[in-house]
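Remember, it's a predicted structure, so these values are computed and weren't measured experimentally.
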Amino acid sequence: QVQLVESGGGLVQPGGSLRLSCAASGFTLDYYCMGWFRRAPGKEREGVSAISSFNSTTYYSPSVKGRFTISRDNAKNTVYLQMNSLKPEDTAVYYCAAERSMSSGQLYSDCDSWPVIRGYWGQGTQVTVSS
């Protein structure tokens, strides 16, 4: 059974750092666009970051660009989100998502629909930034 499991969330003070992990099982993420989303109370889901499968092209929400870094370790079947300089407004449940990158003739779709991802989703991990 395919599964994505997030970990690494918790309580951190403003200005602190956390690293989220997303471990995939039941499939290999080598050929998947991987993304992180978040949902804060009373707000719509926001696409935070994504990384492509082919050349590790990265995408970031303007609200986190320069503070967050997404990476992938295909050997460990895991993606990460390093979060630095955290702000209270970063408080949310963070979700990992995976979308199969597709070849269609001469075309290759790889995170091209970001911030939309169609595929597998994890259950989320809570990140709380507070004094």
**Q** Can you tell me how far the CG atom of D110 sits from the OH atom of Y32, to the nearest 0.5 Å?
**A**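 With rounding to 0.5 Å, CG (D110) is 12.5 Å from OH (Y32).
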**Q** Kindly compute the distance separating OG (S53) from CG (D30), expressed to the nearest 0.5 Å.
**A** 8.5 Å
**Q** Check the pair L4 / W121 against side chain to side chain contact (heavy atoms under 4.5 Å, CB included), numbers first and verdict last.
**A** CA-CA 6 Å; L4 294 172; W121 288 81; 5.7 Å; no
**Q** Determine the minimum heavy-atom distance between C96 and M34, stating which atoms define it.
**A** SG-CE, 3.8 Å
**Q** Taking R67 first and then D90, would you say they form a salt bridge - that is, a charged N and a carboxylate O separated by under 4.0 Å?
**A**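 So R67 pairs with D90 through a salt bridge.
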**Q** State the OG-NZ distance between S63 and K65, to the nearest 0.5 angstrom.
**A** 11.5 Å
**Q** Answer with yes or no whether the hydrophobic clustering places Y31 together with I51; edges join I, L, V, M, F, W, Y residues whose side-chain heavy atoms lie under 4.5 Å apart.
**A**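 In one cluster with Y31: I51, no.
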**Q** Side chain of E99, backbone of R118: donor and acceptor closer than 3.5 Å?
**A** yes
**Q** Run the side chain to side chain contact (heavy atoms under 4.5 Å, CB included) test on V127 and L20 for me, step by step, so that the C-alpha distance in whole Å, both residues' side-chain angles and the decisive distance to 0.1 Å come before the verdict.
**A** CA-CA 9 Å; V127 171; L20 306 183; 4.0 Å; yes
**Q** Short question: side chain of N77, backbone of A24 - any donor-acceptor pair under 3.5 Å?
**A**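 A pair under 3.5 Å: yes.
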**Q** Does this structure show an ion pair linking R38 with E46, if we count only N-O contacts that are shorter than 4.0 Å?
**A** yes
**Q** Rounded to the nearest 0.5 Å, what separation is found between the CG atom of L107 and the CG atom of D112?
**A** 9.0 Å
**Q** Among P115, S49, C111, exactly one meets side-chain contact (heavy atoms from CB on, under 4.5 Å) together with Y59. Which residue is that?
**A** C111
**Q** Between the side chain of Q126 and the main-chain N/O of G9, is any donor-acceptor distance below 3.5 Å?
**A**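 Between the backbone of G9 and the side chain of Q126 there is no qualifying donor-acceptor contact (under 3.5 Å).
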**Q** Determine yes or no for a side-chain-to-main-chain donor-acceptor pair under 3.5 angstrom, with S109 supplying the side chain and S101 the backbone.
**A**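 Not at all, since once roles are kept as given, no pair shorter than 3.5 Å links the two residues.
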**Q** Can the ring centres of W36 and F68 be said to be less than 6.0 Å apart?
**A** no
**Q** Before you tell me yes or no, could you show the steps for L86 and L18 under side chain to side chain contact (heavy atoms under 4.5 Å, CB included), namely the whole-Å CA-CA distance, both residues' side-chain angles and the distance that decides it to 0.1 Å?
**A** CA-CA 8 Å; L86 283 162; L18 286 173; 4.2 Å; yes
**Q** Ignoring hydrogens, what is the shortest heavy-atom contact between R72 and S56? Give both atom names and the distance.
**A**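 Minimum heavy-atom separation between R72 and S56: CD-OG, 3.9 Å.
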**Q** Does the gap between the ring centers of F27 and Y120 come in under 6.0 Å?
**A**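 Ring-ring flag for F27/Y120: true, centres closer than 6.0 Å.
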**Q** Within the side chain of T91, is there an N or O that forms a donor-acceptor pair under 3.5 Å with the backbone of V129?
**A**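 Answer holds: yes.
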**Q** To the nearest 0.5 Å, what is the distance between OH (Y94) and CZ (R39)?
**A**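 So the gap between those two atoms works out to 13.5 Å.
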**Q** Closest heavy-atom contact between G124 and V93?
**A** CA-CG1, 3.9 Å
**Q** Determine, using ring centers only, whether F37 and W114 are less than 6.0 Å apart.
**A** yes
**Q** Which heavy atom of G26 sits nearest to which heavy atom of V2, and what is that distance?
**A**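 For G26 and V2, the tightest heavy-atom pair comes out as O-CG1, 3.8 Å.
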**Q** T128 and S130: side-chain donor and acceptor closer than 3.5 Å?
**A**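 No, no side-chain donor-acceptor contact under 3.5 Å.
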**Q** To the nearest 0.5 Å, how far apart are OG in S71 and CD in Q82?
**A** 8.0 Å
**Q** Would you check if there is a donor-acceptor pair between the side chains of S17 and N84 at a distance under 3.5 Å?
**A**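 Side-chain D/A pair, N84 to S17: present.
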**Q** If you count every heavy atom of other residues, nucleotides or ligands that lies below 6.0 Å from F54 atom CZ, does the total exceed 12?
**A**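 Incorrect, the count does not exceed 12.
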**Q** Taking only residues two or more places apart in sequence, or in another chain, which ones meet E89 in a side chain to side chain donor-acceptor pair (under 3.5 Å)?
**A** none
**Q** Is there a side chain to side chain contact (heavy atoms under 4.5 Å, CB included) between V79 and L29 once you walk through the steps?
**A** CA-CA 9 Å; V79 297; L29 53 74; 4.0 Å; yes
**Q** Closest approach of A97 and I117, non-hydrogen atoms and distance?
**A** CB-CG2, 3.8 Å
**Q** State whether Y80 and R19 meet the cation-pi test: NZ (Lys) or CZ (Arg) under 6.0 Å from the six-membered ring centroid, and within 45° of the perpendicular axis.
**A**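 The answer is yes; both the distance and angle limits are met.
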**Q** Give the minimum heavy-atom separation between Q123 and Y95, together with the two atoms involved.
**A**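 In this case the closest contact between Q123 and Y95 is O-CE2, 3.3 Å.
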